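Worth saying up front: this structure is predicted, and the values here are computed from it rather than measured.
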Amino acid sequence: IALLFVAALTAAPARAQAPMVLKQEADRVDVVARVKPTVVAIFAPGGQNGGTGVLISDDGYALTNFHVVAPTGPTPQCGLADGILYDAVLVGWDKVGDVALIKLLPKTPGQKFPYAPLGDSDLVREGDWSIAMGNPFLLATDFTPTVTFGLVSGVHRYQPPAGSGLLEYTDCIQIDTSINPGNSGGPLFNLKGE
């Protein structure tokens, strides 16, 4: 009888917390569903090489890494989670900062794209939850991004240039959220979907 009493006492707090945990899970699932359409699977023409990007405006501009689009040439192909493949053009880049801007070409004049609002990186703190979405190992053949979840491990990190002096990463956010080759250029979201 004493064991049953102890078990009942320890189970009560867990049951009381269950609704809160389930709500947090539902909120996270909702954020993923809301931002998934903004994630871009990027490929070179013919489906070779590539990575990930994120739409940042309703007229089709997307951010990615320079090293993602360097092998694709000036006209990458971009797939969205709706299964549609778009032609795109390289608009601008910063080789040292490893950033590039591409523009998806609409299928119809005036077409609007879903996009993710940019967050304020100055507000990111160690311990914040983070969601990464992308095209690891180029597995998103249907253009549906892979989702990983973790937390921010550090802020204001610096990685000096290696070897050739290119790719100097400054003021970075360090995360324990799982990232693999092909996630490059993809978004890191907070729980607001920014």
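- Residues Ile175 and Leu151 are not in side-chain contact: their nearest non-hydrogen atoms beyond the backbone lie 4.5 Å or more apart.
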Output side-chain donor-acceptor pairs under 3.5 Å for residues 105-124, partner residues at least two apart or in another chain, one line each.
| from | atom 1 | to | atom 2 | distance (Å) |
| --- | --- | --- | --- | --- |
| Lys107 | NZ | Leu85 | O | 2.9 |
| Gln111 | OE1 | Lys107 | N | 2.7 |
| Gln111 | NE2 | Tyr86 | OH | 2.9 |
| Asp120 | OD1 | Asp122 | N | 2.9 |

Residues Asp27, Leu191; criterion side-chain contact (heavy atoms from CB on, under 4.5 Å); working and verdict
CA-CA 8 Å; Asp27 291 347; Leu191 293 186; over 6 Å; no
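- Hydrophobic clustering (ILVMFWY, side-chain heavy atoms < 4.5 Å, transitive): Trp129 and Ile173 are in distinct clusters.
- Residue pairs that meet the ring pair (Phe, Tyr, Trp, His ring centres under 6.0 Å) test with at least one member in residues 173-194, sequence neighbours left out, do not exist here.
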Arg28 and Ile131: side-chain contact (heavy atoms from CB on, under 4.5 Å), yes or no, with the steps?
CA-CA 9 Å; Arg28 187 171 57 248; Ile131 299 170; 4.0 Å; yes
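- In the hydrophobic cluster analysis, where Ile, Leu, Val, Met, Phe, Trp and Tyr join through side-chain heavy atoms closer than 4.5 angstrom, Val39 is grouped together with Val31.
- Nearest heavy-atom pair, Ala88 versus Cys78, reported as atom, atom and distance to 0.1 Å: CB-SG, 3.7 Å.
- A heavy-atom distance below 4.5 Å is found between the side chains of Thr144 and Lys36.
- Atom CG in Leu138 sits 11.5 Å away from atom CG in Asn180 (nearest 0.5 Å).
- Nearest approach of Val155 to Val152, heavy atoms of both residues: CG1-CG1, 4.0 Å.
- Distance OH/Tyr61 to NZ/Lys103: 5.5 Å, rounded to 0.5 Å.
- Note that CD1 of Ile102 is 7.5 Å distant from OG1 of Thr72, once rounded to the nearest 0.5 Å.
- Donor-acceptor pairing under 3.5 Å is recorded for the side chains of Thr177 and Ser130.
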Assess whether side-chain contact (heavy atoms from CB on, under 4.5 Å) is satisfied between Val96 and Asp94, documenting all intermediate values.
CA-CA 6 Å; Val96 176; Asp94 172 5; 3.8 Å; yes
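- Across all their heavy atoms, Pro76 and Pro45 have their closest contact at CA-CD, 4.5 Å.
- One finds the CG atom of Asp59 at 10.5 Å from the CG atom of Leu104 (value rounded to the nearest 0.5 Å).
- Interatomic distance, Asn135 CG to Ser184 OG, rounded to the nearest 0.5 Å: 10.5 Å.
- Hydrophobic cluster membership differs between Leu55 and Val35, with clusters built from Ile, Leu, Val, Met, Phe, Trp and Tyr side chains linked at under 4.5 angstrom.
- The shortest side-chain heavy-atom distance between Leu80 and Val40 falls under the 4.5 Å cut-off.
- Side chain of Thr52 to backbone of Ala41: no donor-acceptor contact under 3.5 angstrom is found.
- Follow the hydrophobic side-chain contacts under 4.5 Å out from Leu63 and you never reach Phe143; the two are in separate clusters.
- With sequence neighbours excluded, no residue satisfies ring pair (Phe, Tyr, Trp, His ring centres under 6.0 Å) with Phe137.
- Between Thr64 and Val68, some side-chain heavy-atom pair lies under the 4.5 Å cut-off.
- Residue Glu126 holds its CD atom at 9.0 Å from CD of Gln174, rounded to the nearest 0.5 Å.
- Counting only heavy atoms from C-beta outward, the side chains of Ile56 and Leu101 approach each other to under 4.5 Å.
- Hydrophobic clustering (side-chain heavy atoms under 4.5 Å, transitive across Ile, Leu, Val, Met, Phe, Trp, Tyr) keeps Leu188 apart from Val147.
- Heavy atoms only, all atoms of each residue included: Ala81 and Pro37 are closest at CB-CA, 4.4 Å.
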